[in-house]
Each structure stands twice: as C-alpha cells, then as structure tokens.
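Structure first, then comments.
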Amino acid sequence: FHPDAEGAGGESFSVAIPPPNVTGALHMGHALNGSMQDALVRMNRMRGRKALWTLGTDHAGIATQAVVEKELRTEGKTRQELGREAFVERVWAWKDEYGSRIVEQYKRLGASCDYERERFTLDEGYVKAVYRVFKQLFDKGYIYRDNYMVNWDPGSHSAISDLEVENREVEDTLYSIDYPVEGSDRVLTVATVRPETMLADTAVAVNPDDERYADLVGQHCVLPLVGRRLPVIADEHVDPEFGTGALKITPGHDPNDFEIGRVHGLEEIGAIGPDGRMTEEAGERFAGLTAAEAQGAVVAALREEGRLRAEEPYVHSVPFSHRSGERIEPLISLQWFCRMDELAKPAIEAVERDEVRITPPQWKRVYLEWMREIRPWCVSRQLWWGHRIPVWYCDACQETIVAEQAPERCGACDGPLRQEEDVLDTWFSSAIWPFATLGWPDDTPELRSFYPTSFLTTAREILFLWVARMIMTGIEFAGDVPFRDVYVHSVIQARDGRRMSKSLGTGIDPLEEIDRHGADALRFGLLAMSSTQDVRYSDAKVQQGRDLANKLWNASRLILLNADGPKTETYPRKSAHRPQPSRPEDRWILSRLERTIGSVTAKLESYDFAHATTEAYSFFWSELCDWYLEIVKPRLYEQEEEVSATLLWALERVLALLHPIMPFVTEEIWRYHPANNGHLAIHSFPEADESLIDPEAEARVGEGIELTQRLRAWRDLVEAPAATVLPARADGGEPQEFVGRLARFEFVADGGDPIAAVGPVKVLASAEIDGEAVRSRLEARREELRSEVARAEGKLSNEKFVARAPAEVVEEEREKLERYRAELEELSE
RNA sequence: GGGCGCGUAGCUCAGUGGGAGAGCGCUCGCCUCACACGCGAGAGGUCGCUGGUUCGAACCCAGCCGCGCCCACCA
C-alpha cells in the first residue's frame with residue numbers, strides 16, 4: 001500500500017481520503033465512503049497502477065477543543081485557568097493518546113491506505129503549507145480584516161461561517177411594539193421576535209412606496225425604554241405587507257438590518273456581547289443579563305409603559321450552530337475574511353469544461369450556481385486549537401505584519417510584536433488537503449507523482465464546505481484541479497428513514513456490524529445498498545454479503561479440495577492456466593464469466609457500485625455455484641483435467657474480481673489456490689477476454705438449464721417424492737447429460753405410453769406419480785398457453801402494430817405465437 | 001420563496017418506451033458426500049392518482065396527492 005513516488009501523475013492512481021476528525025469514531029458515512037474508495041484503489045492497484053491512498057486526520061478545531069474542555073471540566077478546571085499554551089499542550093497530549101483511534105478503525109474496514117504516509121492538518125509540514133497559502137492570499141489582497149456581521153456561536157464562543165449554520169423551524173413570539181413619533185401623537189408599530197435587540201435599534205424603516213408612511217420618512221421616532229432618536233428611513237427591503245409595514249432596524253444584531261444600516265450609514269450598536277450577555281450599551285437596567293433574561297425584562301418594561309401592542313405565536317426559521325447546536329447570535333465583530341470571487345472564477349470554468357467531472361451530473365449545476373453567488377468567507381475563529389493566524393501586530397506603530405514565519409521585531413519601528421489570537425477555520429486547512437498532504441509547497445516527488453488525485457467520493461453536504469474550496473485552492477496554488485472526478489454518493493439513513501445521528505440515537509455503528517458479520521459483509525452490503533439517492537440502512541444487504549463470503553469459502557473448498565489431483569505439496573503449485581475446454585458447459589461458464597468481468601468492471605469504473613456488487617453476486621452464486629458446480633461435480637470428483645483447469649481459472653478470476661469489494665475472504669482463499677504467487681491485493685485484475693465469449697455454448701446450456709427447471713417444476717406440481725428418479729423418454733435426441741441428473745429423471749429407450757410432455761421430454765408412467773395431479777397440471781398449462789396465444793394473436797391482428805412497430809418486434813411476436821401454438825398442439829394430443 | 005429528488009411485491013430497493021425484477025420475509029419439498037449463512041419449487045404487484053402523447057407507457061408530457069433533501073436576509 002506504499003507506492004514509490006516516481007514517474008508522472010498520469011501513471012499513478014491516487015486518492016486523498018476525506019480526513020476524518022481526530023476526535024471522530026468511524027461512522028457509517030466513513031464506512032460507505034471508505035468502501036467505495038478502497039474498491040477503486042484496490043482495482044487500480046491490481047491493474048498495476050501506482051496506487052496511493054493518502055490517509056490522515058483533521059485537527060477539527062471546535063470539536064477537539066470541546067472534547068478537551070469537557071475533560072478539563074471534570075477536573076474542575078477551565079481552559080482560561082490553564083492558559084493558552086498549556087491548554088494547547090493538553091490538546092496535543094489528548095491527540096497523541098486518542099488521535100489514532102479512527103486510523104485503526106479504517107484498518108478494520110480493510111482500507112488499503114498508505115499508513116506510512118499518514119498526515120495531520122497540524123503537523124509541521126502542513127502548517128507551513130497553510131501559512132504559505134494565507135500569506136499569498138493576503139498579498140493578493142483577498143484576505144482582509146473587517147468589522148462585519150458574523151454568525152456568532154455562543155456555544156463555541158466563536159464566529160462560524162455561513163456553511164456551518166443550519167436553519168430550524170422554531171416557534172417564537174412575535175411582539176408588536178409602538179415607537180412614538182417625535183413631536184406627534186402618532187406611533188409606528190414594529191414587529192419583532194427579539195425585543196431585547198431593540199436596545200440596539202438605530203432606525204425605523206418603511207418601504208419607499210408605502211403611502212401610509214411617506215410623510216414620516218426623514219422624521220424621527222423615540223426608542224421606548226432608551227429614549228434614543230431613531231431616523232425613519234425608506235428602504236426597499238421592507239415588505240409593506242408584513243405586519244404594519246414598519247421595520248425596526250438593528251444593524252448590530254440582524255444580518256438584514258446590518259446591510260440596510262451600511263447602505264444608510266446608520267450607527268452600529270452592540271447590545272449583546274460575545275458571551276451572550278447584554279453589554280453596557282444595553283443600558284444599566286439590562287447590562288449583564290443574558291439575552292433570554294433581557295428579553296423577559298424588556299417585554300415586562302414595555303408592557304408597563306404600555307408600548308406592547310400585541311403578542312402572537314410565530315413560527316419561522318432560525319439559525320443554529322451546526323457545531324454546538326446553540327442558537328446563532330448575529331453580531332458585529334472584527335474578523336478575518338477571504339474574498340472568494342476571484343478564486344471562484346477558474347474553479348467555475350474547470351467544472352464547466354469538465355476538467356473536474358461531477359457525478360451524478362445534476363450536482364454540477366448545483367455547484368455552479370452556488371459558486372456564481374459565492375460570498376466572502378469568514379476564516380477567523382476565536383479558538384485556541386488550530387492554525388494561529390500568521391499575523392503580528394505592533395502596538396507601538398500600529399503596523400500589521402503577515403508572514404509565514406514569526407518575525408522577531410516590528411520591521412518599521414523595531415517594537416515588540418504580538419501575534420493574532422484567533423485561529424483559522426478548520427476548513428481553511430482542509431481546503432488544501434489534496435496537495436498539502438503530498439508535500440506542497442515543496443516540489444516533492446510525491447507531488448509530481450500523485451497530483452492531481454484521481455477522484456473524490458463525498459456526501460453532498462460538504463460539496464460547498466470542502467469540495468468547492470479544494471478546487472479553488474488546487475487551481476490557485478498547485479496549478480491544477482485537485483481531482484478529475486467527484487462522485488457524490490448517497491446518504492445511508494437509519495433503518496426507520498431518519499438521519500443517522502448521535503443525538504437522535506439513530507446511529508448504527510459500523511464496527512459493531514463488522515463484529516457481527518465481518519468487514520467484507522459490511523463493505524458488500526454498503527456498496528450494494530448505495531446509489532445516488534438516499535437509502536435506508538439494510539441489514540439484509542449486509543447479511544447477503546456475509547452469506548456471499550460464506551459461499552465463496554465453501555465453493556472454493558469444493559474446488560480446491562478436488563481439482564487437479566491430491567493436494568500434498570505446498571504452494572505455489574501448478575498455475576491456473578487459460579483453459580481451452582471442448583465441452584459446452586465449460587465453455588458456457590467461461591463465457592458467462594468473461595461477460596461478468598466486463599460488465600462489473602465497467603460498473604465499478606462508473607461508480608455504479610450497487611449494480612457491480614449484485615451482478616458479481618448473482619454470477620457467482622447462481623451461475624457458477626448453482627449451475628456449473630452442480631453440472632460438473634461428477635467430473636470434479638474424478639479430478640478430470642479439463643474441468644479442474646476451468647474451475648481453477650474461473651476461481652482465480654472471480655477472487656480477483658471480488659477482491660476490491662471483499663478483500664479479506666478473497667485474500668484468504670487465494671492462499672490456498674495453486675496459482676498463488678503472492679498477495680491477491682497485488683495480483684492482476686482480470687480483463688474481460690472476449691475470445692472466450694461463446695454465444696453457441698450459452699444458448700445450448702441455456703436450453704438445458706431451462707429444461708431442467710421445467711422438469712423440476714413439473715415434479716413439484718405432481719408431488720413426486722424428491723429422491724425418486726422418474727422414467728422418461730426424449731423424442732428427437734436425448735437432452736444434455738446434466739438435465740436428467742439434476743432433475744432426477746432417467747431417460748430410457750422405450751417404456752410404454754407417456755403420461756405427460758414437458759417440452760421435448762415425455763414423462764412415463766410410474767408408481768410414484770399421481771395421475772390426477774398430472775391431468776390437472778396439463779390442463780393448467782393448456783390454459784396458460786391458450787391465453788398466451790390469444791395475447792399474441794390480438795397484438796398481431798392490430799394493423800397499426802404490424803404497420804408501425806419495428807420489424808424485429810413484430811417478428812419476435814410471430815415467433816412466440818408459433819411456439820405457443822406448437823406446444824398447445826402437442827399437449828392436446 | 002427557489003431548486004432537486006422520491007412514491008414499483010409484506011419490507012428495503014433495482015428497472016426509465018416493446019410481455020413486471022433482486023435481496024430479505026412468506027408457502028411447499030429436501031440434513032442430495034462445498035455450504036441449512038444451504039438446495040429445489042412456488043405464492044405475492046390496477047408500478048401514488050387523473051388526464052394526455054404513442055401501434056404500444058412503470059418508463060415521455062401536464063395536473064393533483066403524499067414524502068424527503070438542499071439553498072434563501074421578510075422582521
């Protein structure tokens with residue numbers, strides 16, 4: 001799993017794993033995603049490509065800091081008490097102890113990652129890459145610092161990006177509050193679900209076309225409880241239909257109002273602080289209260305003053321932190337931002353031109369639409385765990401220095417420097433994962449050999465958060481797209497159709513499933529149930545995988561213990577060589593095998609894992625085991641050479657074909673195969689051999705199989721005892737040998753009058769058969785045939801059908817009619 | 001508010017213009033010397049509803065009903 005870094009990118013096959021959080025445990029999403037990546041990595045490795053699957057973990061700023069802070073709390077400590085340096089040391093200690101857990105779990109899944117090249121988003125070389133990127137973006141003028149409205153997460157005490165916010169429906173109370181108009185007895189009634197934010201109001205807005213208030217624009221209201229004069233402004237954002245058509249403007253605590261405020265040059269007041277408590281700006285009465293407490297107090301005060309016009313329940317969507325689950329507090333703060341528009345341009349073109357192909361294709365449009373309206377990215381976080389932003393301030397001369405390495409003193413005044421306290425958004429570092437893991441910014445052999453990577457599999461939820469950003473940084477910094485293909489896979493839901501989630505208790509632990517059924521079973525099951533649309537987790541599919549592993553083992557045992565003579569020598573013994581059998585059944589299985597190889601391979605290559613797995617399954621189970629092995633058992637027991645060669649060859653190819661999906665059991669069986677000359681993981685992957693495709697043998701054996709099935713069905717219908725061999729006569733040539741053996745019929749030259757006809761076979765009378773059952777069976781079949789004949793005749797007597805349907809369809813219908821008529825004729829004798 | 005997707009056998013899902021499929025479950029018969037995690041044979045579906053296009057519709061089009069997801073600054 002550790003390929004040499006040599007040669008150009010085109011000769012290799014490389015994949016960068018979506019780095020799991022160091023705090024994480026393997027969940028079903030990892031397991032599915034890992035199964036897909038491993039299937040393709042293993043297939044390409046077997047094909048002789050230099051296959052690198054880079055593994056690593058993400059430092060996951062908020063999540064990891066939260067875990068360690070929780071640990072501290074149980075000791076009665078806080079991170080503030082510990083101080084930044086000691087706290088960060090503590091997190092590293094935690095990482096050293098627990099950070100490899102998820103890596104070990106990937107091993108249990110069978111992921112063929114390069115465990116010797118494991119990376120971490122905070123390891124030394126990676127930090128260098130992050131700082132280089134920050135510096136270059138700053139120098140280009142993309143990164144800047146600004147006071148701006150951000151999503152403040154009171155849970156993690158940090159700003160978070162728009163993409164880390166989720167909206168939930170919440171029932172709040174909508175309060176209507178009267179704002180008296182200065183120098184008049186009129187009032188403007190405004191509506192709000194957050195009355196406490198009124199303390200930071202700096203205007204009231206109405207729609208410019210709203211005639212009701214036209215005369216008030218330019219006048220002032222007086223803010224109740226506070227007494228501040230608020231200008232009445234006109235702005236198109238105000239919907240005259242909503243409430244009274246008057247909107248309180250709180251630029252400090254509402255994203256909409258912030259925009260309006262900037263346009264109108266309004267004052268921005270912060271009445272709620274980063275700790276979620278009211279600030280001095282809220283006034284003496286409220287300062288220090290939590291926002292929720294303040295809400296109660298403000299409402300009570302308004303009620304007392306008679307300003308509260310109405311209260312009504314109101315359902316609307318409210319932003320919550322995806323990280324901490326707490327309600328977002330929009331507020332203005334000084335943060336670092338990254339302009340995205342310039343970076344987005346080439347990333348849009350790359351996808352438009354299919355330099356990055358997105359599968360399934362509908363996601364291409366979703367990506368493009370989002371990218372075309374991309375907004376600045378707030379990249380700073382008020383955390384301690386992460387990449388501390390490489391910016392230094394000189395308090396003496398107000399100089400700001402951005403550098404990849406810590407400068408000693410201020411370049412301008414030689415004064416002392418202090419580094420920015422904030423760290424970078426975790427996604428800032430994961431955005432450069434595909435090339436930073438390969439050693440960028442150094443020109444390493446790995447980078448030359450393995451960049452760009454071959455493909456990325458992902459759930460759609462991180463298409464914007466991660467995938468889009470990797471495309472942008474890849475083009476900007478590594479000079480090429482980070483991957484050629486993006487496959488957006490389905491989400492595996494809980495058994496009841498809900499999301500799998502820890503908080504809902506709906507998660508299914510893949511490691512428990514591995515314990516229960518084996519990693520191969522889980523991998524098979526996940527691939528079989530996956531598709532492009534969401535599916536419920538299916539225990540049955542995993543069990544199907546387990547059953548397949550078992551079947552592989554047992555069928556292999558039958559073959560390996562009997563083929564090719566007694567096994568006393570150690571392997572490698574005799575190679576499985578390409579057989580050239582003469583019997584139709586041998587040629588049949590080889591033909592079916594090669595077709596399956598071609599089809600399964602094509603499906604794996606196009607990310608159609610569900611069909612690839614089930615097709616391989618049904619070939620192996622139904623055709624190879626149920627039919628071929630049963631057909632050839634007598635020859636196999638005699639260790640006949642031709643059947644041995646055919647079976648060993650087929651087994652080798654089936655094991656190799658299935659290895660990318662079920663690596664453990666196939667590798668283990670391979671140890672016993674006489675052609676073994678090393679690990680199956682690096683054995684060659686089968687390529688469909690067209691010369692073995694044999695339509696003639698397929699047709700001939702197909703007939704035998706059909707006849708066998710009809711004979712067996714007939715036996716069941718007439719309730720013939722299972723073990724009894726029934727006498728029969730075949731007019732016009734005896735069927736293939738296996739038909740009689742597998743259906744338990746004995747063909748005799750003569751033997752009296754037939755009691756029934758099953759295709760070309762005449763069943764003869766015998767003591768075990770109930771004559772009445774035979775007669776009713778015959779009648780049932782005649783009825784079936786009469787209805788088929790009627791259906792075909794009806795179709796063919798439709799002049800329009802005959803005239804307009806394609807000739808071969810009409811011809812097919814005629815042939816069917818002939819066949820059914822002939823059989824009916826026969827049975828009517 | 002905009003966008004995407006789904007509704008097919010009891011369950012979970014394939015099938016996207018020419019006679020309805022898989023796995024599980026169910027019924028019947030089999031401990032047949034690889035496998036009972038098995039073998040053989042079956043039952044089971046007006047393909048959400050209503051219209052339309054077509055010689056022909058689960059499949060294409062329109063509308064309706066039900067469900068899910070993503071995006072979005074109406075207090």
Side-chain angles (χ1 to χ4, degrees), chain A residues 149 162 167 174-176 190-194 197 205 237-239 241-250 254-260 314 316-317 319 330 360 362-363 365-366 369-370 373 460-461 463-464 491 493 495 497-499 517 521 525 528-529 531-541 543-562 610-611 614-615 617-618 625-626 629-630 633 636-637 708-709 712-717 719-723 742-744 788 791-792 795 798-806 808-810 812-813 816:
Chain A
M149 172 68 57
D162 295 341
N167 291 298
L174 184 66
Y175 298 92
S176 298
V190 299
T192 180
V193 291
R194 306 227 26 215
T197 65
H237 286 86
V238 181
D239 176 4
E241 305 294 319
F242 189 93
T244 61
L247 173 64
K248 70 192 261 306
I249 301 296
T250 322
D254 183 283
N256 273 320
D257 296 1
F258 177 78
E259 302 270 335
I260 294 173
Y314 185 67
H316 64 145
S317 76
Q362 60 262 35
W363 294 102
R365 220 196 57 200
V366 175
E369 281 173 11
W370 185 79
E373 287 178 28
R460 56 186 162 268
E461 61 191 24
L463 194 60
F464 307 137
V491 173
Q493 302 169 329
R495 287 175 258 254
R498 288 190 292 170
R499 277 185 89 79
H517 304 300
M529 73 183 87
S531 71
T532 55
Q533 78 178 62
D534 295 352
V535 285
R536 298 173 185 214
Y537 184 79
S538 162
D539 301 276
K541 283 283 193 297
Q543 285 192 35
Q544 194 181 349
R546 179 202 57 175
D547 293 348
L548 177 59
N550 186 57
K551 192 79 171 173
L552 274 166
W553 181 262
N554 283 307
S556 300
R557 188 164 69 175
L558 172 69
I559 294 167
L560 294 172
L561 288 178
N562 291 285
H611 290 107
T614 48
E615 217 168 277
Y617 171 93
S618 59
C625 292
D626 290 346
L629 285 177
E630 294 306 327
K633 262 177 184 174
L636 181 59
Y637 291 144
T708 306
Q709 285 177 317
R712 284 167 169 172
W714 187 86
R715 290 183 64 112
D716 256 36
L717 271 164
E719 296 179 333
L742 298 184
R744 292 180 194 261
E788 289 298 341
R791 190 196 57 77
K795 219 165 178 182
N798 180 346
E799 282 169 30
K800 286 180 175 172
F801 171 73
V802 177
R804 301 196 195 178
E808 65 264 26
V809 174
V810 178
E812 215 174 295
E813 209 55 52
K816 282 183 210 160

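Letters A, B, ... are given to chains in the order of the sequence lines, protein chains preceding strands, and every chain is numbered from 1.
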* Exceeds 12 heavy-atom contacts within 6.0 angstrom, atom CD of A:Glu719 ->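 Result for CD/A:Glu719: open.
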* Run the side-chain contact (heavy atoms from CB on, under 4.5 Å) check on A:Leu629 and A:Ile559 step by step: do they pass? -> CA-CA 9 Å; A:Leu629 285 177; A:Ile559 294 167; 4.0 Å; yes
Closest to the [X] side chain: [options]?
{"X": "A:Val238", "options": "B:C13, B:C4, B:A75", "result": "B:A75"}
{"X": "A:His611", "options": "B:A72, B:C24, B:G15", "result": "B:G15"}
{"X": "A:Arg365", "options": "B:C4, B:A14, B:C69", "result": "B:C4"}

Can you measure from [atom1] ([X]) to [atom2] ([Y]) and round to the nearest 0.5 angstrom?
{"X": "A:Leu561", "Y": "A:Leu636", "atom1": "CG", "atom2": "CG", "value": "9.5 Å"}
{"X": "A:Ile249", "Y": "A:Ile260", "atom1": "CD1", "atom2": "CD1", "value": "4.0 Å"}
{"X": "A:Lys248", "Y": "A:Thr197", "atom1": "NZ", "atom2": "OG1", "value": "3.0 Å"}
{"X": "A:Asp547", "Y": "A:Asn554", "atom1": "CG", "atom2": "CG", "value": "11.0 Å"}

Write down the distance separating the [atom1] atoms in [N] and [M], rounded off to the nearest Å.
{"N": "B:G45", "M": "B:G7", "atom1": "C1'", "result": "15 Å"}
{"N": "B:A20", "M": "B:C59", "atom1": "P", "result": "13 Å"}
{"N": "B:G23", "M": "B:C61", "atom1": "P", "result": "31 Å"}
{"N": "B:C73", "M": "B:G52", "atom1": "P", "result": "44 Å"}
{"N": "B:U12", "M": "B:G68", "atom1": "P", "result": "15 Å"}

* Could you let me know what B:G21 is paired to, Watson-Crick or G-U wobble, both distances under 3.5 Å, or none if it's on its own? => B:C13
* Quick one: look up who B:G42 pairs with, Watson-Crick or G-U, both distances under 3.5 Å, and put none if it's unpaired. =>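 Paired with B:C26.
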Which is true for [X] with a 4.0 Å heavy-atom rule: it touches a base, it touches only sugar-phosphate, or it touches nothing?
{"X": "A:Val491", "value": "nothing"}
{"X": "A:Thr614", "value": "nothing"}
{"X": "A:Glu259", "value": "nothing"}
{"X": "A:Phe258", "value": "nothing"}
{"X": "A:Lys248", "value": "nothing"}

* **All salt bridge (Lys or Arg N to Asp or Glu O under 4.0 Å) counterparts of A:Lys795, not counting sequence neighbours** => none
* Asked: Hey, which of these two, A:Gln544 or A:Asn798, hits RNA chain B nearer its 5' end, going by closest nucleotide?
  -> A:Gln544
* To do: Between A:Phe242 and A:Glu461, just flag the one whose closest nucleotide in RNA chain B comes earlier from the 5' side.
  =>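 Final value for this comparison: A:Glu461.
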* List the atom of A:Pro330, the atom of A:Arg194, and the distance in Å for their closest heavy-atom pair. =>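 Between these two residues, the closest heavy atoms are CD-NH1, 4.2 Å.
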* Asked: Along nucleotides 29-44 of chain B, 5' to 3', which nucleotides get a B, which get an S, and which get a -, given that the test is a protein heavy-atom distance under 4.0 Å?
  -> S--B-BB-BSSBSS--
* How are the rings of A:Phe464 and A:Trp370 set relative to one another: parallel (under 30°), tilted (30 to 60°) or perpendicular (over 60°)? ->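 Answer is parallel, since the angle falls under 30°.
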Please write out each protein N/O paired with an N/O of nucleotides 6-11 of chain B under 3.5 Å, distance rounded to 0.1 Å.
none

